[in-house]
Amino acid sequence: MDNKLLISLTEKYKAPLYVYDAEKIVSQYKRFENAFNQVKSLKINYATKALSNISILKLLKSLGSNIDCVSIQEIHLGLKAGFNPKQISFTPSGVSLEEIESAVALGVKINIDNLEILKQFGTKHPKVPVCIRINPHIMAGGNKKISVGHTKSKFGISKYFIAQVKEIEKETGMLINGVHMHTGSGILDVNVFLQGAEILFKIAKEFENLDFIDFGGGFKVAYKENDPATNIEEFGKIMSKRFNEFSKDYGKELSIVFEPGKFLVSESGNFLAKVNVVKKSNETVFAGIDSGFNHLIRPMYYGSYHHIVNISNALAKENKYTVVGYICENDTFAEDRMISTIRQGDILCFKNAGAYAFTMASNYNSRFRPAEVMLYQGKDYLIRERETMEDILNKQIEVNIDL
Ligand code: LLP
């Protein structure tokens, strides 16, 4: 995205600021759709948790996307964005039976990830079709924190418990209409997805009344120049062929479902923050910015790399900086990173700030969460205002204890 334009947005809306390039979301969506143009029924259930601003959801809706939600609150956001309940799937982990029932009452499709709730749900609601989330016991993902399909992961029903699922299905008379898995996030290798798919195909054969198979999300995007990304075109080609074969063998035209989050929105996002101070210490030069892990936690929580560009001085000579936040804890965005000369007041742009960036922001240190802007065809749309002191105080109740 053009640096001048981004700077002008920080003048208009102030920093720190999230800016999303809607055209990038559109092109990524179309790429995904295209990669699977050989299957009859593709359903893209965008992983809402990656970026849940209602205007982004509306954009995805107008592209023809469905959504996947992990909380009843995300479902309400989806409904507010105009999705039909049938376009929403609910894939929670470890939620109460009541929360699943509230989703069903709204008409949303559900995914259950443990035998205990499956049995309770099936007994009470034998007429509601259910998809089951399988744990394929595959260790994959950008790092351990975002690997969720391995043996020790809390997610899904173990692939070794299929007999028990069938037993519950029979006992309760419920209908299992889909099988699902999601192995992790930031998975590069196409073969990992294909290997997982074979596990799911094998399980799918055990159920006679499926309408779809859901292979989750987890595709890796590039975080800097020359950083490898999942080859979605290659995956689409191989997977579509294999899926069509499976469908034929199964004897029914099934839908193929995916739940991409990062793939659709990561690269669309730019996080802009102003430099408060350039501070020399013994060996290190710190660039202290008007932000912290309260706004972008991925570098601190996962050790994730976010490319940083000094868009106020992009062509200047590069020096080594440690970019830190203002939170009263260690909140290092980048250590000893080569960045073009940073001066007080410059605007730094953090790339790949579309997925799991704003949605993981908090009010720690009683700071305001930033504003969000969506750009489409050169026009900027404010899609969330910066918080104010009122938001910090909202819901707090002042109690005076007389001592
Ligand atoms: N489906 C399910 C059931 C999921 O749990 C997730 C992500 C996705 C789909 C989408 O995965 P994606 O395509 O975005 O990789 N906060 C972490 C990522 C956590 C992902 C959680 N689940 C990060 O910032 O790297």
Side-chain angles (χ1 to χ4, degrees), residues 25 28-29 31-32 35 43-52 56 60 65-71 74-75 78 88-95 103 109-114 131-136 138 140-150 153-157 178-189 192-193 196 200 212-223 227 229-230 232 235 257-269 271 293 295-306 333 350-362:
I25 299 177
Q28 286 294 92
Y29 188 88
R31 250 186 89 193
F32 201 96
K43 297 214 158 68
I44 301 177
N45 292 358
Y46 165 63
T48 305
K49 65 171 101 54
L51 173 57
S52 56
I56 300 289
L60 282 149
S65 187
N66 298 335
I67 51 169
D68 185 66
C69 297
V70 291
S71 68
E74 281 189 354
I75 293 173
I88 303 179
S89 62
F90 185 39
T91 309
S93 166
V95 303
K109 295 183 188 161
I110 55 162
N111 232 313
I112 294 186
D113 91 328
N114 62 81
C131 170
I132 48 164
R133 176 173 181 169
I134 304 296
N135 182 328
I138 293 177
N143 61 65
K144 199 169 172 221
K145 283 203 177 93
I146 55 176
S147 302
V148 293
H150 57 85
S153 163
K154 70 167 180 173
F155 293 93
I157 298 170
V179 286
H180 169 285
M181 68 170 201
H182 171 76
T183 310
S185 192
I187 303 171
L188 172 67
D189 190 354
V192 172
F193 292 102
L200 213 51
F212 63 92
I213 305 182
D214 185 337
F215 297 93
F219 311 102
K220 186 186 176 307
V221 294
Y223 279 80
D227 190 23
T230 312
I232 213 74
F235 176 56
V257 185
F258 290 101
E259 300 166 349
K262 283 178 182 163
F263 182 86
L264 295 179
V265 299
S266 173
E267 291 157 290
S268 77
F271 179 55
F293 69 60
H295 295 156
L296 178 63
I297 201 171
R298 300 191 72 254
M300 301 81 183
Y301 190 51
Y302 307 112
S304 302
Y305 177 95
H306 280 263
F333 289 98
F350 294 74
K351 298 293 178 186
N352 286 76
Y356 309 103
F358 187 94
T359 49
M360 293 180 79
S362 74

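Counting convention: from 1, in listed order, for ligands and their atoms alike. Values in this document were obtained by computation on a predicted structure and should not be read as measured data. The figures here come from the full heavy-atom set of this structure, side chains too, leaving out hydrogens, waters and symmetry mates.
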Donor-acceptor pair, distance only, cut-off 3.5 Å: does the side chain of Asn45 make one with the backbone of Asn66?
no

Here the atoms of ligand 1 under 4.0 Å from any heavy atom belonging to Arg133 are 3 (C)

Measure the distances from the heavy atoms of Lys49 to every atom of ligand 1 and state whether one is below 4.0 angstrom.
yes

For the pair Tyr223 and His306, name the ring-plane relationship: parallel under 30°, tilted 30 to 60°, perpendicular over 60°.
perpendicular

Distance in Å, Asp214 CG paired with Ser89 OG, rounded so as to fall on 0.5 Å steps
6.5 Å

Part of Phe155 with heavy atoms under 4.0 Å of ligand 1, whether side chain, backbone, both or neither:
neither

Among all protein heavy atoms, pick the one closest to atom 15 (O) of ligand 1 and tell me residue, atom and distance.
Ser185 OG, 2.4 Å

Determine whether a donor-acceptor pair (N or O, by modelled atom type, separation under 3.5 Å) exists between the side chain of Thr230 and the backbone of Ile187.
yes

Is the shortest distance from a heavy atom of Phe263 to ligand 1 less than 4.0 Å?
no

Numbering as shown, the atoms of ligand 1 that approach Gly217 to under 4.0 Å (heavy-atom distance):
9 (C), 13 (O)

Does only the side chain of His182 get under 4.0 Å from ligand 1, or the backbone, or both, or neither? Count heavy atoms.
side chain

With a cut-off of 4.0 Å, which atoms of ligand 1 are near a heavy atom of Glu259?
1 (N), 2 (C), 3 (C), 8 (C), 9 (C), 10 (C), 13 (O)

Please work out whether any backbone atom (N, CA, C, O) or any side-chain heavy atom from C-beta onward of Ala47 is under 4.0 Å from ligand 1, and answer side chain, backbone, both or neither.
side chain

Among Ile67, Asp68, Val70, which residue meets the side chain to side chain contact (heavy atoms under 4.5 Å, CB included) test with Thr48?
Ile67

Proximity flag Pro260 to ligand 1, non-hydrogen atoms under 4.0 Å
yes

Proximal ligand 1 atoms for Arg298, defined as those under 4.0 Å from one of its heavy atoms
23 (C), 24 (O), 25 (O)

Can you label the angle between the Phe32 ring and the Phe263 ring as parallel, tilted or perpendicular, going by 30° and 60°?
perpendicular

What part of Lys262, side chain, backbone, both or neither, has a heavy atom within less than 4.0 angstrom of ligand 1?
both

Contacting atoms of ligand 1, where contact means under 4.0 angstrom from a heavy atom of Met360
16 (N)

So is Gly218 close enough to ligand 1, meaning a heavy atom under 4.0 angstrom away?
yes

Measure from the side-chain N and O atoms of Asn114 to the backbone N and O of Ile157, and report whether any donor-acceptor pair falls under 3.5 Å.
no

Considering non-hydrogen atoms of the protein only, which is the closest contact for atom 14 (O) of ligand 1, and what is the distance?
Tyr356 OH, 2.7 Å

Which protein heavy atom lies closest to atom 16 (N) of ligand 1, and at what distance to 0.1 Å?
Tyr302 OH, 2.7 Å

When rounded to the nearest 0.5 angstrom, what distance separates CG in Leu264 from OH in Tyr29?
8.0 Å

Determine yes or no for a side-chain-to-main-chain donor-acceptor pair under 3.5 angstrom, with Asn352 supplying the side chain and Ala222 the backbone.
yes

Partner of Glu259 by side chain to side chain donor-acceptor pair (under 3.5 Å), out of His182, His180, Lys43, Lys49:
His180

